[in-house]
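Report on the following structure.
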Amino acid sequence: MKFILDTHVLLWAAGMPERLSRQAKALLSAPENELFFSAASLWEIAIKRGMGRDDFQVDARVLRRGLIDNGYTELVITSEHTVATENLPSLHKDPFDRLLVAQAAVEGITLLTADKQVAAYPGPIRQI
């Protein structure tokens, strides 16, 4: 199965695996699953790190290289993804989360999230 990781799940998988649920660890380690990360997540990390946020202290360049080296596939942001955000209900105001939801819907990839608000969107989303 194909999974795209929400930004916080991506950060936990890369540097704080103890924060992942047992279910999340199983999904991320199953060899039959294909794991994706979005350019939107790296953009979010870079912006929030630049703002000095304590929860975003990882270097996005180093994270990207580590993800690629560990078999993750990068999902670029396309204009189709951005315009798909227009059709989303107003359940969440964070533009990065909305873009991840749109990418999952457009690409048919299940978004893995621990965020209840994100999980409330229709489409291929799985709360872990």
Side-chain angles (χ1 to χ4, degrees):
M1 188 160 197
K2 293 181 178 184
F3 295 107
I4 185 167
L5 280 62
D6 195 352
T7 305
H8 60 276
V9 175
L10 192 65
L11 288 169
W12 296 346
M16 295 178 278
E18 66 279 1
R19 297 212 45 197
L20 294 169
S21 68
R22 185 177 307 129
Q23 176 193 25
K25 288 176 185 174
L27 290 171
L28 299 179
S29 64
E32 67 274 13
N33 290 337
E34 190 175 353
L35 304 176
F36 291 79
F37 68 94
S38 174
S41 290
L42 295 181
W43 183 24
E44 178 179 15
I45 291 165
I47 287 173
K48 292 181 178 177
R49 180 178 187 218
M51 294 169 59
R53 292 254 316 249
D54 289 339
D55 53 341
F56 287 89
Q57 290 305 305
V58 66
D59 183 321
R61 285 180 197 88
V62 173
L63 177 61
R64 180 182 181 274
R65 181 78 264 146
L67 292 167
I68 290 169
D69 288 349
N70 283 288
Y72 284 70
T73 301
E74 182 173 4
L75 183 59
V76 299
I77 301 166
T78 68
S79 58
E80 185 178 9
H81 299 148
T82 61
V83 298
T85 63
E86 180 181 23
N87 300 323
L88 295 176
S90 296
L91 302 176
H92 204 306
K93 301 296 183 205
D94 186 304
F96 298 108
D97 287 331
R98 291 176 60 80
L99 185 53
L100 290 172
V101 169
Q103 284 185 298
V106 167
E107 300 298 329
I109 300 172
T110 301
L111 176 63
L112 295 179
T113 186
D115 186 324
K116 290 179 184 180
Q117 282 185 295
V118 172
Y121 277 102
I125 302 170
R126 187 169 183 178
Q127 186 175 356
I128 51 171

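The residues of the chain are indexed from 1 along the displayed sequence.
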Is there a side-chain contact (heavy atoms from CB on, under 4.5 Å) between Phe3 and Glu34 once you walk through the steps? CA-CA 6 Å; Phe3 295 107; Glu34 190 175 353; over 6 Å; no

Any chance you could lay out the side-chain contact (heavy atoms from CB on, under 4.5 Å) test for Asp115 and His92, step after step, and finish with the verdict? CA-CA 10 Å; Asp115 186 324; His92 204 306; 3.4 Å; yes

Where do Leu63 and Leu67 land on the side-chain contact (heavy atoms from CB on, under 4.5 Å) test, with the steps shown first? CA-CA 6 Å; Leu63 177 61; Leu67 292 167; 3.8 Å; yes

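Shown here is Arg65, whose CZ atom has more than 12 heavy atoms of other residues, nucleotides or ligands within 6.0 Å. Heavy atoms from other residues, nucleotides or ligands lying under 6.0 Å from NZ of Lys48 number more than 12.
With rounding to the nearest 0.5 Å, the separation of OG1 in Thr85 from CD in Gln103 is 10.5 Å. Interatomic distance, CD1 of Ile125 versus CD1 of Ile4, reported as 11.0 Å (0.5 Å rounding). Here the CG-NE2 distance, from Leu100 to His81, works out to 10.5 Å after rounding to the nearest 0.5 Å. Note that OH of Tyr72 is 5.0 Å distant from CG of Leu35, once rounded to the nearest 0.5 Å. Distance check: Ile128 CD1 to Leu111 CG gives 9.0 Å after rounding to the nearest 0.5 Å. Taken from CG in Leu112 to CD in Gln127, the straight-line distance is 11.0 Å, to the nearest 0.5 Å.
Cluster membership check: Val58 shares its hydrophobic cluster with Leu42, using side-chain heavy-atom separations under 4.5 Å among Ile, Leu, Val, Met, Phe, Trp and Tyr. Grouping the Ile, Leu, Val, Met, Phe, Trp and Tyr side chains by contacts below 4.5 angstrom, directly or via other members, places Leu5 apart from Ile77. Hydrophobic clustering, with ILVMFWY side chains joined whenever heavy atoms are under 4.5 angstrom apart, keeps Phe36 apart from Met1. Ile109 and Val118 end up in the same hydrophobic cluster when Ile, Leu, Val, Met, Phe, Trp and Tyr side chains are linked at under 4.5 Å. Clustering ILVMFWY residues whenever any of their side-chain heavy atoms sit less than 4.5 angstrom apart, transitively, puts Val83 in a cluster other than the one holding Leu99.
In terms of heavy-atom proximity, Ala114 sits nearest to Val9 at N-CG2, 4.0 Å. Between Arg98 and Pro89 the shortest heavy-atom distance is NH1-O, 3.0 Å. The minimum heavy-atom distance between Val76 and Ala39, with the atom names listed, is CA-CB, 4.4 Å.
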For residues 10-31, please give each side-chain donor-acceptor pair under 3.5 Å, one per line with the distance, not counting sequence neighbours.
from	atom 1	to	atom 2	distance (Å)
Ser21	OG	Ala24	N	3.0
Ser29	OG	Lys25	O	2.8
Ser29	OG	Ala26	O	3.4

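A donor-acceptor contact shorter than 3.5 Å is absent between the side chain of Arg64 and the backbone of Asp59. Between the side chain of Gln117 and the backbone N or O of Leu91 there is at least one donor-acceptor pair closer than 3.5 Å.
Annotation: side chain of Ile47 is in contact with side chain of Phe96 (closest heavy-atom distance under 4.5 Å).
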